[in-house]
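Remarks on the structure that follows.
Residue numbers start at 1 and run along the sequence shown. Only a predicted model underlies this, so the values are computations on that prediction, with no experimental measurement involved.
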Amino acid sequence: QVRLVESGGGSVQAGGSLRLSCQASEFSFVRAKYCLGWFRQTPQSEREIVANIASTGTTNYAESVKGRFTISKINNQRMLYLHMDNLKPEDTALYYCAARLGRTCDDASSDQMFTYWGQGTQVPVAS
């Protein structure tokens, strides 16, 4: 059973930076095809894609975070990261990492496209 565990959340001031981590287990990053993603959700909104990265290394970002957030992975450590710079109060959310196996990130902007999820890590951004 694939397991994903996020860490790195916490309170931050607007304009600050934070790095979220996601440790995967029972899942090899060396396998042929997969897509890993970061999503976020607030009590007032549905879960939305923040960024994804394919097994090939191709990345995609939501317009709202382009130029500020960077998604990356380290294959041999089975680690996924989301580096967030110039954080804004509207970035406040519960952040999740997610994975889908056997496919790359084509059409992977919806949470319904992902099978495995972490428990989430909270990121409150103070103004």
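Across G10 and P124, no two heavy atoms sit closer than the pair O-CD, 3.3 Å. Looking at every heavy atom in both residues, T42 comes nearest to A93 through CG2-CB, 3.8 Å.
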Expected list for residues 105-117: side-chain donor-acceptor pairs under 3.5 angstrom, two or more places apart:
residue : atom : partner : partner atom : Å
S110    : OG   : Q112    : N            : 3.1
D111    : OD2  : R47     : NE           : 3.4
W117    : NE1  : F114    : O            : 3.4

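The side chain to side chain donor-acceptor pair (under 3.5 Å) search around S21 returns none, not counting sequence neighbours.
Taking CG from N52 and CZ from F39, the interatomic distance works out to 7.5 Å, rounded to the nearest 0.5 Å. One finds the CG atom of N76 at 10.0 Å from the OG atom of S28 (value rounded to the nearest 0.5 Å). For the atom pair CG of L36 and CZ of R78, the computed distance is 12.5 Å after rounding to the nearest 0.5 Å.
Counting only heavy atoms from C-beta outward, the side chains of I71 and Y61 approach each other to under 4.5 Å. Put simply, the side chain of L82 reaches to within 4.5 Å of the side chain of M84, judged on heavy atoms. Using a 4.5 Å heavy-atom cutoff, the side chains of L80 and C97 are in contact.
In this structure, L94 is not a member of the same hydrophobic cluster as W38, with clusters built from ILVMFWY side-chain heavy atoms closer than 4.5 Å. A continuous path of ILVMFWY side-chain contacts below 4.5 Å connects V50 to V12, so both sit in one hydrophobic cluster. Side-chain heavy atoms closer than 4.5 Å link hydrophobic residues (I, L, V, M, F, W, Y) into clusters, and following such links, even through other members, never connects I49 to L20.
The closest donor-acceptor contact from the side chain of Q23 to the backbone of V5 lies at 3.5 Å or more, if one exists at all. Judged purely by atom type and a 3.5 angstrom limit, E6 uses its side chain to pair as donor or acceptor with the backbone of Q119. In this structure, the side chain of Q122 does not engage the main chain of G9 through any donor-acceptor pair within 3.5 Å.
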key: Derivation of the side chain to side chain contact (heavy atoms under 4.5 Å, CB included) call for L101 and F27   = CA-CA 9 Å; L101 310 183; F27 168 39; 3.0 Å; yes
Trace of the side chain to side chain contact (heavy atoms under 4.5 Å, CB included) decision for L87 with L18 = CA-CA 8 Å; L87 281 159; L18 205 61; 3.9 Å; yes
ask   = Which is it for T121 and S7 under the side chain to side chain contact (heavy atoms under 4.5 Å, CB included) test, yes or no, and what are the steps along the way?
value = CA-CA 6 Å; T121 185; S7 61; 5.9 Å; no
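Applying the side chain to side chain donor-acceptor pair (under 3.5 Å) test to every pair with at least one member in residues 81-99, sequence neighbours left out, gives these pairs: S17-D85, R40-D91, R40-Y95, R68-D91, H83-D85.
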